[in-house]
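Worksheet for the structure shown next.
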Amino acid sequence: MKKNILYALLVGGAMLLGSCENNFDAQIYGKLSTLTFPSTADEYEDYMLSSYLPFQNKWSYTWGDGTNYPWYIPSNGIYHGFDTCTDEEAEWNIAANRQFWTDMTRCYFENLKTITKNSSSGTNHFEKVRDVSRMTRIVGDLEAATTLAETRKKELLGEVRLLRGLMMYYLLHYYGPVPVILDPVLIGNTEAENNLVRPTLDEMAGYITDDFLFATENAPETQSEKGRVTADYARFCLMRHYLNEGAHMSGYYEKAYNLYSQFKGNYSLFKSGDNPYIDQFKQANNWNSEVIMALSVDPQATGGNTAGSFNCFMVYSLPKDCAATDGDGNATPFLAGKGWGQYLNVSKQFYDTYEEDDLRKASVITSYYSTSYKCMVTSDDIGSKWSGYILNKYPIEVKNQYQPGNIPLARWADVLLMYAEADVRKSSSVTTNAIDCVNQVRNRAGLDNLPASATASVAAFLDALLAERGHELLFEGCRKIDLIRFNKYYTTMSAFGPSRTPTSQYVPLPDYAVQLAEQVGKKLEQYFTRDDYDGPKK
């Protein structure tokens, strides 16, 4: 079904919905007057949909007075911010002129202080605090709307508050707590907008909880357009958030555990095909039984604002000297040929942690034929001819740079692993329920049940669980968050040596933001460190 909706944004931009097979794709499409917009029920819904702008995979988006990078673009979003600076990726040092990227893989965050407001490097997410304010304005306008039925109003509020909570969630895990405005009455209030100080961690966690919890109770259980957020996705986000903050927020582990039984959808691990782990990411299996939420991909999109989200993982994962055939003319997995420089790679050290028969190893390619060197490039060439192994998790299915498979945002496998973790953390014991959940994920990957040594103590089980999460959720935008939750980020990365020892737990706020706060008489702390950080405090 093809659907076109033109609507004005609060700030003068507009979006167009273009979708196939009832999938949701958000696009910028010009400008309209906002003098009488929104007024009808349909216009209020269109107005709310502007909140999806930061949650796309496109080269950039414009909302209000600035251009920024969506959270799901591999070069600048959650995969860059939460995967490349972990043990999943090797230090990226092959190509030149990408200093910020190299710095991120080295966990050297100091240079990010100098990032400018409109930096073209794409590593400045601080300006997204303005997007939080824009969503808050939308919340206020929806609450005041008189042309919306009360039930529909609550559904739209649930949708936008889920997106606002997700925006704050990502900002928290990138920078630590950041100043936000969540009361619509304060939008445009000079004193509120000048209050550039970090909230406490407890306060920020509470803000996110409130939005996610509201969404679990009010967002639609199902959507006519796949790719729009649902109450089950809110439950997933809340469960993950409860786990992340359970060490300092009373009762959060038990709340995470209880959410497992509240999912409404009939989800199960995908088990079809010779390698179900890999096959679940193929176009034919979009929206399979395991998917709670995914980024809906338009196979015709190329990253511009006149089409939907695209899947460009291939161009960031492949070396620039691989080809569709090897030196003997044999076909390779690289149907579309070379990538742009293998910005996303998988470290040999991480790959070596997989068990021998793990089907998930197929998401990593450990050698390839180089058209530059006219030979096979292997692990012996890491650090000279390439930085690390090739990420092949998001399958190359067509002879095109951009692939047709959806990008998963929430899978049932993750829920099972979170449920196991919540069970153990709340009870301080290794339960048969927790072991079974992990074994379900392992068995789908072709592995036997956990060995007795992995279930002998809480510490051993949590170590095994963290390893399973790394293998199962490789480059799904959560590794750094997981390592911090397990109190292993600094120790894991410093084990690689001084060149990858984190300079801070989170990315420091930009200098210009700190200086702006000083100009209005506020102190905006540049660094944030959790109390239980396993490394030195900044």
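Each residue takes its place number in the sequence, starting with 1.
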Discussion item. Show me the pairs that pass salt bridge (Lys or Arg N to Asp or Glu O under 4.0 Å) and involve residues 304-313, at least two apart or across chains.
Written reply: none

Worksheet item: Under the salt bridge (Lys or Arg N to Asp or Glu O under 4.0 Å) test, which residues partner K117, sequence neighbours left out?
Response: none

Worksheet item: Aromatic ring centroids of F313 and Y79 under 6.0 Å?
Response: yes

Worksheet entry | Any residue meeting salt bridge (Lys or Arg N to Asp or Glu O under 4.0 Å) with R164, in chain and number order, not counting sequence neighbours | D211

Discussion item. Taking the side chain as everything from C-beta on, heavy atoms only, tell me whether L201 gets closer than 4.5 Å to L172.
Written reply: yes

Worksheet item: Partners of L516 by side chain to side chain contact (heavy atoms under 4.5 Å, CB included), sequence neighbours excluded?
Response: L196, Q519

Practice prompt. May I ask you to check whether Y175 and Y506 place their ring centres under 6.0 Å from each other?
Written response: no

Fill in: Ring-ring centroid check Y419 Y257, cutoff 6.0 Å
yes

Discussion item. Going by side chain to side chain donor-acceptor pair (under 3.5 Å), name the pairs with one or both residues in residues 467-483, residues two or more places apart or in two chains.
Written reply: D87-R479, T353-H471, R360-E468, R360-E472, K393-E476, R411-E472, R411-E476, D414-R469, R442-E468, R444-E472, R469-D482, D482-R485

Practice prompt. Could you list all the salt bridge (Lys or Arg N to Asp or Glu O under 4.0 Å) pairs where at least one residue sits in residues 500-522, not counting sequence neighbours?
Written response: none

Item to complete: Tell me, please, whether Y253 has K426 positioned over its six-membered ring: NZ or CZ under 6.0 Å from the ring centre and within 45 degrees of its axis?
Response: no

Worksheet entry | Salt bridge present between D131 and R134 (N-O < 4.0 angstrom) | yes

